[in-house]
Amino acid sequence: MKVLNKGLKYTPTPPADTDTLSVDIKEFCRKLRLKNHFGDKESKTADESIVRNKSTFTPEKGKNKDLDLYINHLSNFPLIPKPQDKVKNNLPFKQQQALYRLQKDESIIIKEADKGGALVIMDRIYYRDKIQEQLNDKQYYRELNDNMEKKTKRNINKLISKFPHCTTEKEVDYLTKFEVKTSNFYGLPKIHKSKEVETAVQQQNCAYIEINSPKDLKFRPIVAGPQCPTHRLSHFIDLILKPLCQYVPSFIRDNFDFLNHLPAEVKEDAILVSFDVTSLYTNIPHKLGLDAVKFWLESYRHIIDQRFSNNFLLEGLKIILDNNTFFFDGKYYLQISGTAMGTKVAPTYATLVMGFLEDKMYQQVEIFFTSDDTPPLFLLSKKKK
């Protein structure tokens with residue numbers, strides 16, 4: 001309990017690692033040479049690229065003898081790690097043992113709860129079966145024979161070739177030249193929506209509760225793909241589309257932005273109302289999503305760089321939506337509805353979709369309340385209830 005209460009982001013004292021230290025020293029020496037080579041001078045060549053791969057350029061030695069001598073001494077300095085028994089661990093010995101046992105226990109899986117930050121320890125078979133139950137829903141997912149990665153990369157290359165003036169050389173390099181890894185699927189337990197968990201909390205009333213495989217527990221689907229084929233395209237398109245969000249009337253950037261939207265005075269009989277869309281990301285039909293993005297692009301075309309055509313952005317977004325593949329429990333899957341919670345463009349995409357629906361709703365409300373046969377407002381309210 002003590003070691004788990006520290007949370008999944010707690011970092012125990014790591015073992016000595018001379019390889020990592022050696023890599024860090026080399027990178028530090030490279031930065032010294034870059035600083036000496038470029039100084040504070042800005043690049044004279046204009047480059048409009050908004051993304052690019054990290055440069056590996058290292059200036060040659062010989063320009064500064066003092067710097068060469070310092071780097072040579074630093075690079076050849078013997079790396080003698082401090083004996084592990086003399087390194088003070090930030091975990092007591094019993095907690096170190098407990099952490100080791102938890103890591104080696106293959107019968108359980110530990111996940112952070114979807115809301116609230118609580119930790120949930122689940123039987124691995126129970127967790128696998130619940131996730132498999134979710135993936136068996138053919139409305140949202142389809143099992144694949146392979147991971148489709150090569151096909152996806154070809155589609156991205158075709159997109160770039162079809163719109164050659166929409167990307168710079170560095171942007172093309174960023175979108176196509178990187179190591180690809182298959183996405184993994186996992187679920188965050190929604191314990192706040194489980195009646196069985198709620199009942200157990202009320203009955204047990206202690207620091208932790210114990211409940212045997214709740215049948216009504218649902219999971220928030222997460223596709224973790226920081227190096228999947230569409231990850232960089234998703235990041236690229238997100239940077240381009242994100243400025244459109246500011247034109248969505250209900251868009252709230254963060255907590256501070258929410259405070260700025262609150263009125264200075266509120267009537268005593270005012271009611272604060274909130275609405276929630278069930279599984280928003282997975283329930284946005286692709287056609288609706290693309291229509292929504294097209295609407296915002298055409299409405300505020302002037303804030304998007306002119307070199308990015310609407311067709312390039314929409315076709316790129318379609319590639320991201322149509323090629324959301326991932327791996328779970330030895331099988332490959334394709335998400336056929338909605339967007340993945342985990343891809344970079346997802347929050348911007350969902351915001352624009354909701355803004356599009358709000359715009360349509362406002363139009364209908366305006367027509368409804370300005371028609372001649374509209375009943376009094378209090379009757380409408382009564383009717384709604």
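Numbering of residues begins at 1 and proceeds along the displayed sequence. In this text, all values refer to a predicted model and were calculated from it rather than measured experimentally.
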Item checked: Distance-minimising heavy-atom pair for Ala350 and Leu280 -> CB-CD2, 3.9 Å
Check: Is there a donor-acceptor pair under 3.5 Å between the side chain of Asp123 and the backbone N or O of Tyr126?
Finding: yes
Notebook entry, point to check: Do the side chains of Tyr362 and Phe251 join up, straight or via other hydrophobic residues, at under 4.5 Å, putting them in one cluster?
Noted result: no
Item checked: Check: Leu352 main-chain N/O paired with Trp296 side-chain donor or acceptor under 3.5 Å -> yes
Check: What is the distance from atom CD1 of Ile191 to atom CG of Leu217, rounded to the nearest 0.5 Å?
Finding: 8.0 Å
Checklist line | For the student: nearest non-hydrogen atoms of Lys318 and Asp322, plus distance | finding: NZ-OD2, 2.6 Å
Checklist line | Gap between atom CZ of Arg307 and atom SG of Cys166 - 0.5 Å precision | finding: 8.0 Å
Checklist line | Arg301 CZ: over 12 foreign heavy atoms closer than 6.0 Å | finding: yes
Check: Hey, what do you get for CG (Asp329) to CG (Asn184), rounding to the nearest 0.5 Å?
Finding: 11.5 Å
Item checked: Test item: Asn323 side-chain N/O and Ile319 main-chain N/O as donor-acceptor pair under 3.5 Å -> yes
Checklist line | Flag if over 12 foreign heavy atoms under 6.0 Å of CZ, Phe256 | finding: no
Notebook entry, point to check: When rounded to the nearest 0.5 angstrom, what is the spacing between CD in Gln134 and OG in Ser279?
Noted result: 7.5 Å
Next item on the list: Over 60° means perpendicular and under 30° means parallel, so classify the ring planes of Phe326 and Tyr141, tilted if in between.
Entry: perpendicular
Check: Closest heavy-atom contact between Pro12 and Leu91?
Finding: CB-CD1, 4.0 Å
Item checked: Asp114 and Lys190 ion-paired at < 4.0 Å -> no
Next item on the list: Start with the C-alpha gap between Tyr140 and Tyr333, add the side-chain angles, then the distance that decides, and say whether ring-ring contact (aromatic ring centres under 6.0 Å, His included) holds.
Entry: CA-CA 10 Å; Tyr140 300 104; Tyr333 295 87; over 10 Å; no
Check: More than 12 foreign heavy atoms under 6.0 Å from CZ of Phe178: is that the case here?
Finding: yes
Margin query: Could you check whether Arg52 makes a cation-pi contact with Tyr174, meaning its NZ or CZ is under 6.0 Å from the centre of the six-membered ring and within 45° of the ring axis?
Written below: no
Note to self: Gln204: which residues meet the side chain to side chain contact (heavy atoms under 4.5 Å, CB included) condition with it, sequence neighbours left out?
What the structure shows: Ala200, Cys206, Ile209, Glu210
Check: Just by modelled atom types, is the Phe57 backbone N or O under 3.5 Å from a matching donor or acceptor in the Ser55 side chain?
Finding: yes
Check: Between Glu196 (side chain) and Lys215 (backbone), is there a donor-acceptor pair under 3.5 Å?
Finding: yes
Notebook entry, point to check: Ignoring hydrogens and geometry, is there a side-chain-to-backbone donor-acceptor pair from Asn136 to Gln132 under 3.5 Å?
Noted result: yes
Notebook entry, point to check: Taking ILVMFWY side chains as joined if any heavy atoms are under 4.5 angstrom apart, and letting links pass through other members, which residues group with Met1?
Noted result: Tyr208
Next item on the list: Take Arg124 and Ile108, measure what side chain to side chain contact (heavy atoms under 4.5 Å, CB included) needs, and give me the verdict at the end.
Entry: CA-CA 5 Å; Arg124 184 175 290 270; Ile108 62 172; 5.9 Å; no
Next item on the list: Would you confirm whether Asp359, through its side chain, and Gly355, through its main-chain N or O, come within 3.5 Å as a donor-acceptor pair?
Entry: no
Next item on the list: Identify the heavy atoms of Ala346 and Tyr281 that sit nearest to each other, and give their distance.
Entry: CB-CE2, 3.6 Å
Notebook entry, point to check: Is there a donor in the side chain of Thr168 and an acceptor in the side chain of Glu48, or the other way round, less than 3.5 Å apart?
Noted result: no
Check: Does a side chain donor of either Ser107 or Asp105 reach within less than 3.5 Å of an acceptor in the other side chain?
Finding: yes
Note to self: I need the full list of ring pair (Phe, Tyr, Trp, His ring centres under 6.0 Å) pairs touching residues 4-33, with sequence neighbours left out, sorted by first then second residue.
What the structure shows: none
Notebook entry, point to check: What is the minimum heavy-atom distance between Pro189 and Glu112, and which atoms define it?
Noted result: CD-O, 3.6 Å
Notebook entry, point to check: NE2/His302 to OH/Tyr300 distance, rounded to the nearest 0.5 angstrom?
Noted result: 8.0 Å
Notebook entry, point to check: Under the 3.5 angstrom rule, does the side chain of Gln335 hit a backbone N or O of Thr339 as a donor-acceptor pair?
Noted result: yes
Checklist line | More than 12 heavy atoms of other groups within 6.0 Å of Lys294 NZ | finding: no
Check: Looking at the rings of Tyr332 and Phe327, which for Trp means the six-membered one, are their centres under 6.0 Å apart?
Finding: yes
Notebook entry, point to check: Is Ile237 reachable from Tyr247 through a run of I, L, V, M, F, W or Y residues, each pair having side-chain heavy atoms under 4.5 Å apart?
Noted result: yes
Checklist line | Greater than 12 external heavy atoms within 6.0 Å of Glu106's CD | finding: no
Item checked: Candidate list Thr325, Ile320, Val345, Val180, test side-chain contact (heavy atoms from CB on, under 4.5 Å), partner Thr230, passing option -> Ile320
Which pairs of donor and acceptor atoms, one on a side chain in residues 62-74, lie under 3.5 Å apart (sequence neighbours left out)?
| unit_1 | atom_1 | unit_2 | atom_2 | d |
| --- | --- | --- | --- | --- |
| Lys63 | NZ | His37 | ND1 | 2.7 |
| Asn64 | OD1 | Asp66 | N | 3.1 |
| Asn64 | OD1 | Leu67 | N | 3.0 |
| Asp68 | OD1 | Arg33 | NH1 | 2.7 |
| Asp68 | OD1 | Arg33 | NH2 | 3.4 |
| Asp68 | OD2 | Gly62 | N | 2.8 |
| Asn72 | OD1 | Asn76 | ND2 | 3.0 |

Item checked: Steps toward side chain to side chain donor-acceptor pair (under 3.5 Å) verdict (Thr13, Asn90) -> CA-CA 6 Å; Thr13 302; Asn90 58 0; 3.1 Å; yes
Checklist line | Residue list, ring pair (Phe, Tyr, Trp, His ring centres under 6.0 Å) with Tyr127, at least two apart or on another chain | finding: Phe219
Next item on the list: Verify the neighbour count for atom CD1 of Ile125: are there more than 12 heavy atoms of other residues, nucleotides or ligands below 6.0 Å?
Entry: no
Check: Taking atom CD of Glu60 as the centre, does the number of heavy atoms from other residues, nucleotides or ligands within less than 6.0 Å exceed 12?
Finding: no
Margin query: I'd like to know if Leu317 and Met354 are part of one continuous hydrophobic network [Ile/Leu/Val/Met/Phe/Trp/Tyr, side-chain heavy atoms within less than 4.5 Å].
Written below: yes
Note to self: I need the Gln246 CD to Asp257 CG distance, nearest 0.5 Å.
What the structure shows: 11.0 Å
Item checked: All pairs passing side-chain hydrogen bond (donor to acceptor under 3.5 Å, both in side chains) where residues 341-351 contributes a residue, at least two apart -> Ser234-Thr343, Asp238-Thr348
Margin query: Same cluster or not: Met122 versus Leu119, using hydrophobic residues (I, L, V, M, F, W, Y) connected whenever any side-chain heavy atoms lie under 4.5 Å apart?
Written below: no
Next item on the list: Tell me whether Ile336 is reachable from Leu290 by hopping between hydrophobic residues (I, L, V, M, F, W, Y) whose side-chain heavy atoms are closer than 4.5 Å.
Entry: no
Item checked: NZ/NE/NH1/NH2 to OD/OE distance under 4.0 Å, Lys158 and Glu315 -> no
Notebook entry, point to check: Mind checking whether Val223 and Met341 have side chains closer than 4.5 Å, heavy atoms only?
Noted result: no
Next item on the list: Please report the shortest heavy-atom distance between Thr152 and Pro229, naming the atom on each side.
Entry: CG2-CB, 3.7 Å
Check: What's the verdict on side chain to side chain donor-acceptor pair (under 3.5 Å) for Arg232 and Asn53, showing C-alpha distance, side-chain angles and the deciding distance?
Finding: CA-CA 10 Å; Arg232 292 197 172 186; Asn53 278 327; 2.3 Å; yes
Check: If you draw a 6.0 Å radius around NE2 in His261, do more than 12 non-hydrogen atoms from other residues or ligands fall strictly inside?
Finding: yes
Item checked: NZ or CZ of Lys162 within 45° of Phe312 ring axis and under 6.0 Å -> no
